[in-house]
Chemist: 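Here it is: the structure, laid out below.
Both ligands and their constituent atoms are indexed starting at 1 by order of listing. Throughout, numbering of the chain's residues begins at 1 and tracks the sequence. These figures come from a predicted structure and were not determined experimentally.
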Amino acid sequence: MSDEVQISPAHLLDIESTPPSTLRHMLNLADSMRERPSDFEASCDGRLLVNLFYEPSTRTRVSFEIAALRLGLRVVNIAAADSSVKKGETLMDTFRTLQAMAPDVVVVRHPEDGALAPLAEVAAPGLHLVNAGDGARSHPTQALLDLVTLEQHAGPLDQLIVVVAGDLHHSRVTRSGAALLKTMGVGELRLCAPPGLEAGPKVSAGARCFDSLDEALVGADVVMMLRIQHERLAGMAIPDPESYHRQWGLTEARLALAAPDCLVMHPGPMNRGVEIASSVADGPRSLILDQVANGVFTRMAVIHTLLHGTA
Ligand code: ASP
């Protein structure tokens with residue numbers, strides 16, 4: 001008999017507050033879902049998931065919806081632009097209103113850091129919150145799907161050199177990704193950012209930091225490129241797209257500095273010809289569409305774990 005402790009997590013708010021064993025359960029379950037999707041069809045039959053999005057999204061929102069439908073949940077999508085938010089309703093009032101209609105899972109994306117914490121405090125037992133991205137702080141399902149993709153395509157994590165490059169300062173993908181990679185024991189994490197866009201001290205702790213992409217790439221096994229988060233720059237000056245591409249863009253010539261089979265990732269949306277050349281994004285080493293595909297299995301695993309625990 002397994003002596004593993006069964007956990008029933010209430011919510012997925014961020015990587016840092018989730019026990020590593022729960023994260024590992026979600027990663028393994030996502031693999032099982034990819035390998036044997038029919039085993040999980042209808043495993044959450046009749047439950048209800050609400051997608052509540054206050055920021056634009058293509059991949060994440062659709063991926064939660066498809067994941068939920070594949071598990072047999074019913075889905076309601078709310079875009080803030082079409083809701084009473086336009087009439088001045090607060091996030092808390094909108095959440096309490098939805099909660100009164102008894103959904104099982106509420107997936108929230110919001111532009112403010114930490115927006116879900118007060119909701120978790122008032123959430124009724126049995127209502128599970130999932131963070132689909134809050135401000136520049138956290139994007140836990142992106143971190144999980146990236147690791148699922150890495151473990152599927154690259155060698156053992158503890159032997160990999162992983163580079164994350166671009167606007168690290170405003171990136172919730174970097175914060176959650178770095179936390180998960182460190183927790184799961186990545187061989188070496190390298191962070192590379194243009195001046196002024198570096199990650200903060202907490203994210204950089206335990207990583208090697210570079211201010212030259214050429215140097216960061218030497219010998220790398222995986223490189224994840226990030227776009228500039230224009231919506232969070234608050235007036236900060238950045239180079240024009242051509243200059244940025246020349247200095248910070250991932251081109252085929254730059255990729256040749258990395259390990260011979262170096263894999264390329266990007267969470268999307270991409271700015272082609274800015275942080276990544278089209279030939280690299282569409283090239284044989286790109287895992288970008290694998291990330292999207294794994295996003296569905298990963299979100300299925302997250303929803304299933306919240307509804308059924310780690311049993
Ligand atoms: N889609 C990711 C996010 O929501 C990355 C990005 O927007 O640059 O954070």
Chemist: Does the residue Ser57 have a heavy-atom contact with ligand 1, meaning some pair of atoms that are separated by less than 4.0 Å?
Modeler: no
Chemist: Quick one: does Arg109 get within less than 4.0 Å of ligand 1, heavy atoms only?
Modeler: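 Within the 4.0 Å threshold, so yes.
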Chemist: Ignoring angles and geometry beyond distance, decide whether Gln229 reaches within less than 3.5 Å of ligand 1 through its nitrogen or oxygen atoms.
Modeler: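 There is such a contact, yes.
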Chemist: Would one find more than 12 heavy atoms of other residues, nucleotides or ligands at under 6.0 Å from atom CZ of Arg24?
Modeler: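 Yes, the 6.0 Å shell around CZ holds more than 12 heavy atoms from other groups.
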Chemist: If we ignore angles and hydrogens, is there a donor and acceptor under 3.5 Å between the side chains of Asp134 and Asn131?
Modeler: yes
Chemist: Would you mind checking which non-hydrogen protein atom is closest to atom 7 (O) of ligand 1, with the distance to 0.1 Å?
Modeler: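 I find the closest protein heavy atom is Arg227 NH2, 2.9 Å.
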Chemist: What protein heavy atom is closest to atom 1 (N) of ligand 1, reported as residue, atom name and distance in Å?
Modeler: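 Result for atom 1 (N) of ligand 1: Gly268 O, 2.9 Å.
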Chemist: Just by distance, no angles: are the side chains of Asn294 and Thr149 close enough, under 3.5 Å, to form a donor-acceptor pair?
Modeler: yes
Chemist: Where does Arg172 meet ligand 1, judged by heavy-atom distances below 4.0 Å: at the side chain, the backbone, both, or neither?
Modeler: side chain
Chemist: Are there more than 12 heavy atoms of other residues, nucleotides or ligands under 6.0 Å from atom CZ of Arg74?
Modeler: no
Chemist: With no hydrogens and no angle check, just 3.5 Å: does a side-chain donor-acceptor pair link Arg299 and Thr141?
Modeler: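 Per modelled atom types, Arg299 and Thr141 side chains form a pair under 3.5 Å.
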Chemist: May I ask you to identify, for Arg59, whether its side chain, its backbone, both or neither come under 4.0 Å of ligand 1 on a heavy-atom basis?
Modeler: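 Neither part.
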Chemist: Counting from 1, what ligand 1 atoms have a heavy atom of Val173 closer than 4.0 Å?
Modeler: 2 (C), 5 (C), 9 (O)
Chemist: For ligand 1, note which part of Leu226 has a heavy atom under 4.0 Å away: side chain, backbone, both or neither.
Modeler: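 Neither part.
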Chemist: Quiz question: by atom type and distance under 3.5 Å, do the side chains of Gln291 and Asp146 form a donor-acceptor pair?
Modeler: yes
Chemist: Same hydrophobic cluster for Leu144 and Phe64, using side-chain heavy-atom links shorter than 4.5 Å among ILVMFWY?
Modeler: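 Leu144 clusters together with Phe64.
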